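Structure first, commentary second.
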Number of protein chains: 2
Amino acid sequence: MESHRSLTSLAHARIRDMVLSGELPPGSRIQIDALRKRLEIGASPVREALSILSSEQLVVRNEQRGFWAPEISAEDFGILLDTRCRVEALAFGDAIRHGGAEWEEQIVLLQYRLNSLNRTEKADAWEIAHRDFHRALISACPSTYLLNFCAQLYDLAVRYRNVASLAAYPERQVEDEHSQIAEAALARDAARAEHLLVDHYRKTGEFLYQQLAEREGAALKAG
Amino acid sequence: MESHRSLTSLAHARIRDMVLSGELPPGSRIQIDALRKRLEIGASPVREALSILSSEQLVVRNEQRGFWAPEISAEDFGILLDTRCRVEALAFGDAIRHGGAEWEEQIVLLQYRLNSLNRTEKADAWEIAHRDFHRALISACPSTYLLNFCAQLYDLAVRYRNVASLAAYPERQVEDEHSQIAEAALARDAARAEHLLVDHYRKTGEFLYQQLAEREGAALKAG
DNA sequence: CTCAATCAGAAAATCGATTTTTTTGGGCCG
DNA sequence: CGGCCCAAAAAAATCGATTTTCTGATTGAG
């Protein structure tokens, strides 16, 4: 169990997970009182956590009217994906130019851990390892601003992956892609590494985008 | 007077101004109780506002120990400036490619308003007009994520300008630079516009960076 | 004399109750 | 029948009090 220094940060972590996992579905209302009872935490920390989440774009705030889980759409996902590719390419390039021995070692280590896990069998552990690996790639970027932004975009993208709950995810060789990205990074080939990373994101995103677009088309006919 | 829907958003706006203006100096402690009395607002809204500000990087939070105004340094400013140039170039390019008639008109209007104001005589009005002009330039960027990020970086940069309180700001022809940027944008010359914008930021930042570096050198000798 | 343990005092964090605002639903009038 | 207004209910926002945690000084042992 993770220990938290304050109930606010605990509430933040819990609610964040509920949003990212899709337990709080897109568009659904998030009532403070319901959360208060559910988490067995007072209203103040819950409220504060929601405030923070709303400035992280993981929750939508409507003053005096409450909080909601953000809506999703194919269009929004497309924009998110595109933003992520371009911003993370910047951070990745920086990291490749600035990273030292420690950065290299982290990448090697975390890539190994990631590839050791089976994505379907140990989904939770894989999620964490995947996040850690991608974070390690850019961790040597000197701009904390860029890194924060990348972390935020990562969360938003993970949420899309989860809430779309794809029945059949196409089995690409994601391991190979990760390996190639790591290899290019360690070879300090920024241009190639950036390209591979963006390509990786676009490939992963393409299928999800199609799913979302189809779903919207279907919903349009049904409604 | 601006009206606010809630005391939290009022507190947020007020404290934000206090941080941006330098009224709360870099490194200084921000006590909830002191603010509570100063703003005549309860502790809860003040607390919540500080929480939000800390996730906007305008306040540093130290769990169970309180809040502080962020430290400044030449190094941090350099990184901030660089991040801003690259991220805002992305947003600007998008805007130039996507902007419609309304976007063009806003730029024309806001550039006119900005150039009508004397920077030293009407400092507050100029600040607002300047912010509006720069926001208008990128406003047609479809990525709300990128726009939010740019707004955040803008605030952080404004703070540096204010807290450095430059005795003698070198009088460049800032009006001309703004005009050229607007012109290139309206001509849909993305490459040129981006270059001019980045150049504008770097020129403005260069002097500030020198000041900060000198001050640090002096402080080092004195300490 | 140094270091660690201890103990107020101060400040943050949290709670429960109160106030304000929004939403809901029923009855009334055009 | 449909729109409108008002009252009751629900929910968010705020407050004041209480609890928990940190800080800095003091004291006593080594």
Side-chain angles (χ1 to χ4, degrees), chain A residues 1-19 23-71 148, chain B residues 1-19 22-71 148 223:
Chain A
M1 269 299 134
E2 16 172 6
S3 79
H4 283 271
R5 298 186 65 71
S6 69
L7 292 180
T8 296
S9 63
L10 176 60
H12 177 271
R14 290 276 187 80
I15 301 171
R16 173 176 168 277
D17 283 349
M18 290 164 77
V19 172
E23 183 180 338
L24 294 171
S28 68
R29 184 162 196 187
I30 303 177
Q31 289 196 100
I32 293 176
D33 235 49
L35 275 181
R36 192 185 63 63
K37 285 165 189 157
R38 182 133 163 32
L39 303 177
E40 294 180 291
I41 290 175
S44 309
V46 168
R47 211 189 141 65
E48 205 174 312
L50 285 170
S51 272
I52 294 168
L53 287 166
S54 75
S55 68
E56 294 169 346
Q57 324 283 314
L58 287 176
V59 155
V60 173
R61 176 176 212 161
N62 214 330
E63 292 228 333
Q64 310 277 26
R65 314 210 306 112
F67 298 88
W68 278 261
E71 294 283 359
N148 279 338
Chain B
M1 269 294 140
E2 16 172 8
S3 81
H4 283 273
R5 297 186 64 73
S6 69
L7 291 179
T8 296
S9 63
L10 176 60
H12 177 271
R14 290 275 188 81
I15 301 170
R16 173 176 167 277
D17 282 350
M18 291 165 78
V19 172
E23 184 180 338
L24 294 171
S28 67
R29 184 162 196 188
I30 303 177
Q31 290 198 94
I32 293 175
D33 234 49
L35 274 181
R36 192 185 65 61
K37 284 165 190 158
R38 183 136 162 30
L39 303 177
E40 295 180 289
I41 290 176
S44 309
V46 167
R47 213 188 139 66
E48 205 175 312
L50 286 171
S51 272
I52 295 168
L53 287 165
S54 74
S55 68
E56 294 169 345
Q57 324 284 313
L58 286 175
V59 155
V60 173
R61 175 177 213 161
N62 214 329
E63 291 228 333
Q64 311 277 24
R65 314 207 308 109
F67 299 87
W68 278 262
E71 293 283 359
N148 279 338

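A note on names: the letters A, B, ... follow the listed sequences, proteins ahead of strands, and every chain is numbered from 1. Small disclaimer: the values here were computed from a predicted structure and weren't measured.
Here B/Q64 pairs with nothing under the side chain to side chain donor-acceptor pair (under 3.5 Å) rule; sequence neighbours left out. Take B/Q57 and apply the side chain to side chain donor-acceptor pair (under 3.5 Å) test, not counting sequence neighbours, and it matches A/N148. Not counting sequence neighbours, A/S44 has no partner by the side-chain contact (heavy atoms from CB on, under 4.5 Å) test.
The list of salt bridge (Lys or Arg N to Asp or Glu O under 4.0 Å) pairs with a residue in residues 34-46 of chain B, not counting sequence neighbours, reads B/E23-B/R38, B/D33-B/R36, B/D33-B/K37. Residue pairs meeting the salt bridge (Lys or Arg N to Asp or Glu O under 4.0 Å) criterion with at least one member in residues 53-62 of chain B, sequence neighbours excluded: A/E48-B/R61.
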inquiry  = Within the 4.0 Å limit for protein heavy atoms, which parts of nucleotides 6-22 of chain C are touched? Write it as a string from 5' to 3', B for base, S for sugar-phosphate only, - for none.
reply    = -----SSSBBB-----S
